[in-house]
Colleague: 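Here's a structure for you.
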Amino acid sequence: VQLQASGGGLVQAGGSLRLSCAASGRTLSTYTMGWFRQAPGKEREFVAAISWRAGSTYYADSVKGRFTISRDNAKNTMYLQMNSLKPEDTAVYYCAADPRNHNLINNYAYWGQGTLVTVSS
């Protein structure tokens with residue numbers, strides 16, 4: 001499984017960005033998919049996850065109400081719509097996938113390379 005994240009960039013505080021994560025190698029329609037981020041000097045942290053049926057979504061408290069995770073199983077692609085961005089959202093964002101249910105995952109099986117999001121104040 002290969003995951004390719006894209007869509008990062010430089011945006012002013014209050015702005016929006018949409019990240020994409022395209023999967024190849026196999027169909028991930030039954031996989032849980034998630035977004036993580038790592039800011040400079042900090043540990044990687046969970047941002048959001050979505051069940052394979054897209055019926056369940058999960059968010060870190062820090063992004064609830066501002067970020068929306070979604071997926072298009074026909075395109076084997078996951079998205080992260082980020083609105084009302086803050087300077088503290090600056091980080092490298094990683095996408096990940098795992099065949100287990102969200103509540104059974106302690107470390108995702110597959111990871112993509114990161115895409116840098118920089119939010120200026």
Colleague: Apply side-chain contact (heavy atoms from CB on, under 4.5 Å) to R18 and L80, showing your working.
Modeller: CA-CA 6 Å; R18 189 175 84 151; L80 185 69; over 6 Å; no
Colleague: Should S16 and N83 be marked as a side-chain hydrogen bond (donor to acceptor under 3.5 Å, both in side chains) after you check the CA-CA gap, both sets of side-chain angles, and the distance that decides it?
Modeller: CA-CA 4 Å; S16 298; N83 298 328; 2.9 Å; yes
Colleague: Give a yes or no on whether V11 and V63 share a hydrophobic cluster (residues Ile, Leu, Val, Met, Phe, Trp, Tyr; joining criterion: side-chain heavy atoms under 4.5 Å apart).
Modeller: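 Yes, V11 connects to V63 through the hydrophobic network.
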Colleague: Ignoring hydrogens, what is the shortest heavy-atom contact between F36 and F46? Give both atom names and the distance.
Modeller: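 Closest approach of F36 to F46, heavy atoms only: CD2-CA, 3.5 Å.
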Colleague: Do Q113 and Q4 have side-chain heavy atoms sitting under 4.5 Å apart?
Modeller: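 They are in contact (side-chain heavy atoms under 4.5 Å apart), so the answer is yes.
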Colleague: Considering all heavy atoms of both residues, which atom of S121 and which atom of P87 are nearest to each other, and what is their separation?
Modeller: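 So the minimum-distance heavy-atom pair works out to CB-CG, 3.8 Å.
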Colleague: Working to the nearest 0.5 Å, report the span between OG of S84 and CZ of R66.
Modeller: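 That separation rounds to 7.0 Å.
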Colleague: Please find the pair of heavy atoms, one from S62 and one from R37, that lie closest to each other, and give the distance.
Modeller: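 Answer, listing the atom of S62 first, then R37: OG-NH2, 3.4 Å.
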Colleague: Nearest heavy-atom pair of L3 and C21: which atoms, and what distance?
Modeller: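 Heavy atoms only, the tightest pair is CB-SG, 4.0 Å.
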Colleague: If we ignore hydrogens and angles and just use 3.5 Å, is the side chain of N76 paired with the main-chain N or O of A22 as donor and acceptor?
Modeller: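 No, N76 side chain to A22 backbone: no donor-acceptor pair under 3.5 Å.
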Colleague: Test of understanding: clusters of I, L, V, M, F, W, Y form through side-chain heavy atoms closer than 4.5 Å, transitively. Do Y108 and Y94 belong to the same one?
Modeller: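 The answer is yes; both residues are in one hydrophobic cluster.
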Colleague: Is the NZ or CZ atom of R71 both under 6.0 Å from the centre of the six-membered ring of W52 and within 45° of that ring's axis?
Modeller: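 That pair does not qualify as a cation-pi contact.
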Colleague: Just verifying a value: how many Å separate I50 CD1 and S56 OG, rounded to the nearest 0.5 Å?
Modeller: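 Output value for this atom pair is 9.0 Å.
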Colleague: Backbone N or O of I69 within a donor-acceptor pair of the Y59 side chain at under 3.5 Å?
Modeller: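 Yes, because the side chain of Y59 sits within donor-acceptor range (under 3.5 Å) of the backbone of I69.
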Colleague: If every non-hydrogen atom of T77 is compared with every non-hydrogen atom of K75, which pair is closest and at what distance?
Modeller: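 Distance-wise, the nearest heavy atoms are OG1-O, 2.8 Å.
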Colleague: Any Lys/Arg nitrogen of D89 or K86 sitting under 4.0 Å from an Asp/Glu carboxylate oxygen of the other?
Modeller: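 Not counted as a salt bridge, because no side-chain N and carboxylate O are separated by less than 4.0 Å.
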Colleague: Using the test salt bridge (charged side-chain N to carboxylate O under 4.0 Å, His left out), find all partners of R26 that sit at least two apart in sequence or belong to another chain.
Modeller: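 R26 satisfies salt bridge (charged side-chain N to carboxylate O under 4.0 Å, His left out) with no residue once adjacent residues are dropped.
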Colleague: Consider only side-chain heavy atoms of I, L, V, M, F, W and Y, link residues closer than 4.5 Å, and tell whether Y110 and W35 are in one cluster.
Modeller: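 Yes, same cluster.
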Colleague: Mark yes or no for whether S20, through its side chain, and Y79, through its backbone, hold a donor-acceptor pair below 3.5 Å.
Modeller: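 No; judged by distance alone, with no hydrogens or angles, the pair does not exist.
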Colleague: Does any non-hydrogen side-chain atom of L19 lie less than 4.5 Å from one of V117?
Modeller: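 With C-beta onward as the side chain, the pair touches.
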Colleague: So, for T115 and G7, which heavy atoms are closest and what is the spacing to 0.1 Å?
Modeller: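 Answer, listing the atom of T115 first, then G7: OG1-N, 4.0 Å.
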Colleague: Using a 4.5 Å cut-off on heavy atoms from C-beta on, say whether the side chain of F67 contacts that of L17.
Modeller: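 Side-chain contact under 4.5 Å: no.
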Colleague: Between CD1 of I105 and CG of D98, what distance do you get to the nearest 0.5 Å?
Modeller: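 The CD1 atom of I105 sits 4.0 Å away from the CG atom of D98.
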Colleague: Rounded to the nearest 0.5 Å, how far apart are OG1 of T32 and CE of M78?
Modeller: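 T32 atom OG1 to M78 atom CE measures 10.5 Å (nearest 0.5 Å).
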Colleague: Check whether any side-chain heavy atom of Y31 sits under 4.5 Å from a side-chain heavy atom of R100, and report yes or no.
Modeller: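 A side-chain contact is absent here, since even the closest heavy-atom pair is not under 4.5 Å.
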Colleague: NZ/K64 to OG1/T57 distance, rounded to the nearest 0.5 angstrom?
Modeller: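 Answer for the NZ-OG1 pair, K64 versus T57, is 9.5 Å.
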